[in-house]
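When reading the values below, keep in mind they use all heavy atoms of this one structure, side chains included, and skip hydrogens, waters and symmetry mates.
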Amino acid sequence: MSSRIEQIIEEIEEFVESCKYQPLSTTKIVVNKEELEELLRELRLKTPDEIKRYQKIISNKDAILADAQSKADGLIAEAQAKVKEMVSQHEVMQQAYAQANETIANANKQAQQILDEATIDSNNIRLSAIAYTDDMLANLEQIMSGALNDAGEKYKSYISAVQSCYDVVTQNRNELAPQVAAAHTTDSVEDLDVSADDDEE
């Protein structure tokens, strides 16, 4: 059964696949920003829960080992009980010792086998959880990288458009500069003529 994060990643991949290409482009697509942000928001909310779930799986390693140790201790205790029972029978003392040693050896062997298998199982669970979490974060990293690159391209396009408008305005002012200067000169001469007439009166 797949996790909700896997489902969201699949939905994002399907969403990206369903987007239309921009005119005259085979790589850039038109994205519904609100829909993509909603999927990313849900992914962001679910990620901590998923990581906690896998951390819990990893923590079960101690429980697995503790259970294995308990079973091993039980086997050893049972073997020791059998040894005491056999030793108490004086007529079969030698046989009791031999059987006791064999029983203890078998018990120790089984206990070690249980511990080894439990260690292998817990390590496999831990490695699987870590690998899955890394894959999940890698997919998220790829999606976020794509979003950042797309936003960067749009920002560069916006700056280019503003710069173009700015250049046109600057060019127009430069073209008007001689005429504006001439207009100021004419106004100054007219002001001087009016002042001279007022003085003569």
Side-chain angles (χ1 to χ4, degrees), residues 1-76 110-173:
M1 181 178 179
S2 61
S3 68
R4 179 54 186 154
I5 285 185
E6 289 176 299
Q7 295 174 3
I8 295 172
I9 291 174
E10 289 177 1
E11 290 175 13
I12 292 174
E13 290 174 345
E14 292 174 0
F15 171 75
V16 172
E17 288 294 328
S18 67
C19 291
K20 295 180 179 180
Y21 286 102
Q22 290 185 358
L24 305 178
S25 175
T26 59
T27 57
K28 295 182 179 179
I29 59 174
V30 178
V31 178
N32 184 319
K33 181 180 178 183
E34 292 182 356
E35 188 173 350
L36 181 58
E37 285 180 343
E38 181 61 28
L39 290 171
L40 291 174
R41 189 178 302 111
E42 184 176 359
L43 183 63
R44 193 179 300 112
L45 292 174
K46 291 292 183 182
T47 298
D49 293 337
E50 287 291 319
I51 291 176
K52 286 179 182 178
R53 186 162 72 90
Y54 287 108
Q55 287 176 338
K56 185 177 180 181
I57 291 174
I58 293 172
S59 68
N60 284 341
K61 173 183 177 181
D62 293 334
I64 293 172
L65 291 174
D67 182 64
Q69 184 65 56
S70 176
K71 290 178 180 178
D73 292 340
L75 287 171
I76 293 172
Q110 291 179 22
Q112 187 60 48
Q113 184 177 356
I114 291 174
L115 287 173
D116 291 343
E117 291 176 354
T119 300
I120 291 172
D121 289 343
S122 63
N123 286 335
N124 288 338
I125 291 173
R126 176 178 174 274
L127 292 175
S128 296
I130 291 173
Y132 177 81
T133 303
D134 182 64
D135 289 342
M136 175 189 65
L137 294 176
N139 287 333
L140 179 59
E141 181 181 31
Q142 185 176 4
I143 291 169
M144 295 178 69
S145 176
L148 287 173
N149 290 336
D150 185 56
E153 290 295 329
K154 290 180 180 179
Y155 178 75
K156 289 178 182 178
S157 177
Y158 170 74
I159 292 298
S160 177
V162 172
Q163 183 65 47
S164 177
C165 292
Y166 176 79
D167 293 341
V168 170
V169 170
T170 302
Q171 182 180 355
N172 290 339
R173 286 202 66 204

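Exactly one of I12, L45, I8 qualifies for a side-chain contact (heavy atoms from CB on, under 4.5 Å) with L40. That residue is I12. Checked against L115 for a side-chain contact (heavy atoms from CB on, under 4.5 Å), the options Q69, Q110, K71 give a single hit: Q69.
Although no hydrogens or angles enter the test, the distance criterion places no donor-acceptor pair under 3.5 Å between the side chain of S164 and the main chain of S160.
Pairs engaging residues 117-127 under the side-chain hydrogen bond (donor to acceptor under 3.5 Å, both in side chains) rule: K61-N123, Q113-E117 [sequence neighbours left out].
Shown here for Y21 and I29, the closest heavy-atom pair between the two residues is CD2-CG2, 3.8 Å.
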side-chain hydrogen bond (donor to acceptor under 3.5 Å, both in side chains) evaluation trace for D167 with Q163:
CA-CA 6 Å; D167 293 341; Q163 183 65 47; 3.0 Å; yes
Please assess E153 against N149 for the test side-chain hydrogen bond (donor to acceptor under 3.5 Å, both in side chains), listing each intermediate value before the final yes or no.
CA-CA 6 Å; E153 290 295 329; N149 290 336; over 6 Å; no
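Atom CD in E37 sits 9.0 Å away from atom CZ in R44 (nearest 0.5 Å). Note that CD1 of I143 and CG of L36 are 8.0 Å apart. Values are rounded to the nearest 0.5 Å. Distance check: D116 CG to I120 CD1 gives 6.5 Å after rounding to the nearest 0.5 Å.
I114 has its side chain out of reach of D67: every pair of non-hydrogen atoms, C-beta onward, lies at least 4.5 Å apart. By the 4.5 Å heavy-atom criterion applied to side chains, V168 and N172 are counted as neighbours. The side-chain heavy atoms of E38 and R41, taken from C-beta on, include a pair separated by under 4.5 Å.
Around atom CZ of F15, more than 12 heavy atoms belonging to other residues, nucleotides or ligands sit under 6.0 Å away.
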